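Working notes, beginning with the structure itself.
What you are looking at is a predicted structure, and each value in this text was computed from that prediction instead of being measured. Below, each value reflects all heavy atoms present in this structure, side chains not excepted, and no hydrogens, waters or symmetry copies. Index from 1, following the sequence.
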Amino acid sequence: MREAPHTDLAEIPDAVARLRSAYDSGRTRPLAWRRQQLEGIKAMCTDRAEEFVEALRADFGKPPLEAIAMDVYQGKTEAAGALRNLKKWTRPQRIGPIPLIGRSFVLREPLGVALIISPWNYPIGLLLSPLVGAIAAGNAVMLKPSEVTPHTSAALARFIPDYLDPEAIALVEGGVPETTALLEEHFDHIFYTGNGHVGRVVMEAAAKNLTPVTLELGGKSPCLVDREVDIATTAQRIAWGKFVNAGQTCIAPDYVLVHRDREEELVGALEAVTRGFYGEDPKAAPDYARVVNGRHCERLAKLLESGSPAFGGEVDAEQNYIAPTVLRNVDLDSPIMQEEIFGPILPVLAVEDMDEAIRIVNTRDKPLALYVFTENEAVYEKVLRETSSGGACVNGTLMHIMDARAPFGGVGPSGQGAYHGRYSFETFSHRKTVLKRGFRMDLKFLYPPYSDRKRRIAQRFM
Ligand code: NAD
């Protein structure tokens, strides 16, 4: 296994100071600079696609199609969208006149030097997508990719300085010591994607400097299956959402709550679909990823003990392989139902009706995503109304993340803040409200000394 590359700890304060000087010099503010960097991201994702795909395969066997479509091109698509909209986003936003006083408008100004800390499961897209927002808003940026995927981290460290302005966009490689050292520095925004335990560490460090944070966290995203559904399509969409990237997706369906009358059928359909995806022996399938490392493989192997596999269940620790698995006879109090699974194991639990499913969801932390499968409009409307989640998808999984016109983010323990498209730009911008007044009109009654007459005028006009 490749050792995680890391930056010399002693270099970190200087590297941050250089970004601060670059920002203070005004270098990152012109739209021309922002455009150049966004073009750089697009070019890097295109020119270096093969190298990135290879690094992702070396790190955890990510299949090339998943690597390109869901990881490498995420940043490219976001950059293309930002380039198309940059002028519109950065234009002063007119609010309009306030009679007798003036006109107000809102300016977007960059925050300063931003820190982006990203995880290993989509290690390119989850670094580059927020970077697009930070650049579009005119910030200098420090990047910290995950050390858990060392080949990808090394590839990013190698290519980013070739395509982006090294004076204003820097990258630190490494794990806990390097991130801890970064968190001791002063940033103007911290954008963190990863698990909630580290989210708390980040927020605590940020509090010292009153630095705003965006936390893109995880959680147990439930998948509710009603009695009235097309089981074959439902199974197809659930199995894809769960087993893509071997279940290591923040919005993967974590567990299924299915109407008791359809449980057997759903489990059978999930098995058939999974065989269709990966054949009789998923270990030999080129389109099935591995668990990222031995520690996670061991953790997941233990979770298999929480129920009985309807299919799958094989573990090969040598290869960090866990078969795509559906687990039955799972108790709500069992270990697999406590923490986010983040692997290719899908517990399927039967419920009497969707009311029971809603009650189960509501006894737990607010999830990052919620999926509901039903042909009945009243059912999904009720589920959406009576539950809270970062996002949701009706009759599908994962795909709500694809619409860059909409915000993506968690709620409560699954995160705070949101990004994608314009929302990324807003996340890294300060909205400065400006009121512009003329010299002619004035509200004289507001000036002391106050009188009864002035008070009467104030009562009428304010
Ligand atoms: P990870 O282990 O790569 O950690 C994320 C980052 O935090 C890394 O850059 C790592 O170096 C840093 N880090 C780790 N420990 C630290 C510490 N003690 N102090 C400071 N920094 C530290 O990734 P992970 O957390 O295992 O990622 C998986 C989690 O991320 C899951 O919970 C998943 O749901 C969530 N996730 C959320 C989203 C989203 O968009 N909301 C996307 C992907 C993953």
### Task
Please answer whether the main-chain N or O of Met337 pairs with a side-chain N or O of Arg364 as donor and acceptor at a distance below 3.5 Å.
yes

### Task
Please confirm whether the backbone N or O of Gly312 pairs with a side-chain atom of Thr325, one donor and one acceptor, at under 3.5 Å?
no

### Tyr192 backbone acceptor or donor facing Glu216 side chain under 3.5 Å
no

### Task
Could you walk me through whether Ile117 and Val198 pass the side-chain contact (heavy atoms from CB on, under 4.5 Å) test, one step at a time?
CA-CA 11 Å; Ile117 306 172; Val198 177; over 6 Å; no

### Message
Just verifying a value: how many Å separate Ile41 CD1 and Ile160 CD1, rounded to the nearest 0.5 Å?
### Response
8.0 Å

### Query
About how many Å separate OG of Ser424 and CD1 of Ile135, when rounded to the nearest 0.5 Å?
11.5 Å

### Task
State which residues pass side chain to side chain contact (heavy atoms under 4.5 Å, CB included) with Val411; sequence neighbours excluded, sorted by chain then number.
Lys366, Ser388, Ser414

### Query
Minimum heavy-atom separation for Ala136 to Phe425, with atom names?
O-CE1, 3.6 Å

### Query
Any chance CZ of Arg385 has more than 12 other-residue heavy atoms, nucleotides or ligands included, within less than 6.0 Å?
yes

### Query
Of the non-hydrogen atoms in Ala392 and Leu384, which two are nearest, and what is the gap between them?
CB-CD2, 3.7 Å

### Query
Is the closest side-chain heavy-atom distance between Lys382 and Asp355 below 4.5 Å?
yes

## Note on the structure
For Cys45 and Tyr73 the tightest heavy-atom approach is O-CE1, 3.8 Å

### Query
Under 3.5 Å, side chain of Asp254 to main-chain N/O of Glu340, donor-acceptor pair present?
no

#### Entry: Thr214 side chain to His189 side chain, donor-acceptor N/O pair below 3.5 angstrom
yes

### Query
Would you find a donor on one side and an acceptor on the other, under 3.5 Å apart, between the side chain of Arg34 and the backbone of Ala82?
no

### Query
Do Asn395 and Asp230 come close enough that some side-chain heavy atom pair is under 4.5 Å?
no

### Task
Answer with yes or no after comparing the ring centroid distance for Phe277 and Tyr288 against a 6.0 Å cut-off, counting only values under it.
no

### Query
Name the one of Asp226, Val383, Thr234 that satisfies side chain to side chain contact (heavy atoms under 4.5 Å, CB included) with Thr374?
Asp226

### Counterpart residues, side chain to side chain donor-acceptor pair (under 3.5 Å), relative to Gln319 (two or more places apart)
Arg290

### Task
Enter the distance from Leu171:CG to Thr7:OG1 here, rounded to the nearest 0.5 Å.
7.0 Å

### Message
Any side-chain to backbone donor/acceptor pair from Asn121 onto Gln248? Under 3.5 Å, distance only.
### Response
yes

### Message
Contact between Pro145 and Ser153 at the side-chain level, heavy atoms closer than 4.5 Å - yes or no?
### Response
yes

### Query
Any side-chain heavy-atom pair from Phe187 and Leu182 closer than 4.5 angstrom?
yes

### Query
Is the number of heavy atoms from other residues, nucleotides or ligands under 6.0 Å of Glu50 CD greater than 12?
no

### Task
Grab the two heavy atoms, one from Phe243 and one from Pro344, that are nearest each other, plus how far apart they are.
CE2-O, 3.3 Å

### Summary
When every non-hydrogen atom of Gly396 is compared with those of Arg237, the smallest separation belongs to CA-CD, 4.2 Å

### Asp165 side chain near Gln37 side chain, heavy-atom distance below 4.5 Å
yes

### Query
After noting the C-alpha distance and the side-chain angles of Thr387 and Val372, does the key distance pass the side-chain contact (heavy atoms from CB on, under 4.5 Å) rule?
CA-CA 11 Å; Thr387 61; Val372 51; over 6 Å; no

### Task
Evaluate the side-chain proximity of His197 to Val201: yes if any heavy-atom separation is below 4.5 Å, no if none is.
no

### Query
Would you call Phe60 and Asn320 a side-chain contact if the rule is heavy atoms closer than 4.5 Å?
no

### Task
Spell out, as yes or no, whether a donor-acceptor pair under 3.5 Å connects the side chain of Thr28 to the backbone of Gly138.
yes

### Message
Before you tell me yes or no, could you show the steps for Leu115 and Val16 under side-chain contact (heavy atoms from CB on, under 4.5 Å), namely the whole-Å CA-CA distance, both residues' side-chain angles and the distance that decides it to 0.1 Å?
### Response
CA-CA 10 Å; Leu115 169 64; Val16 178; over 6 Å; no

### Task
Can you measure from CD1 (Ile345) to CG (Leu327) and round to the nearest 0.5 angstrom?
7.0 Å

### From CA spacing to verdict: side-chain contact (heavy atoms from CB on, under 4.5 Å), Asn209, Glu185
CA-CA 9 Å; Asn209 292 312; Glu185 299 295 318; over 6 Å; no

### Message
For the backbone of Val113 and the side chain of Asp188, can you confirm whether one donor and one acceptor N or O come within less than 3.5 Å of each other?
### Response
yes

### Query
Of all heavy-atom pairs between Pro119 and Thr193, which one has the smallest distance, and what is that distance?
CD-O, 3.4 Å

### Query
So, does Asn139 use its side chain to make a donor-acceptor pair with the main chain of Val141 at under 3.5 Å?
no

### Lys/Arg-Asp/Glu bridge criterion (N-O < 4.0 Å) met for Lys208, Glu184
no

### Task
Would you check if the side chain of Arg328 reaches a backbone N or O of Ser308 as a donor-acceptor pair within less than 3.5 Å?
no

### Message
So, taking the atom named CD1 in Ile124 and the one named CE in Met70, what distance separates them when rounded to the nearest 0.5 Å?
### Response
14.0 Å

### Separation of Lys242 NZ from Tyr371 OH (nearest 0.5 Å)
10.5 Å

### Sub-4.5 Å side-chain heavy-atom contact between Tyr255 and Pro222
yes

### Task
In plain terms, say whether Arg158 and Glu173 are close enough for a salt bridge, that is, a side-chain N and a carboxylate O under 4.0 Å apart.
no

### cation_pi(Lys62, Tyr122) dist<6.0 Å, angle<=45
yes

### Message
Less than 6.0 angstrom separating the ring centers of Phe342 and His296, yes or no?
### Response
no

### Query
More than 12 heavy atoms of other residues, nucleotides or ligands under 6.0 Å from CZ of Arg200: is that the case?
no

## Note on the structure
For Ser118, the side chain to side chain donor-acceptor pair (under 3.5 Å) test, sequence neighbours excluded, returns none

### Query
So does Asp281 pair up with Lys283, basic N to acidic O under 4.0 Å?
no

### Ionic contact status for Glu39 with Arg35, cut-off 4.0 Å
no

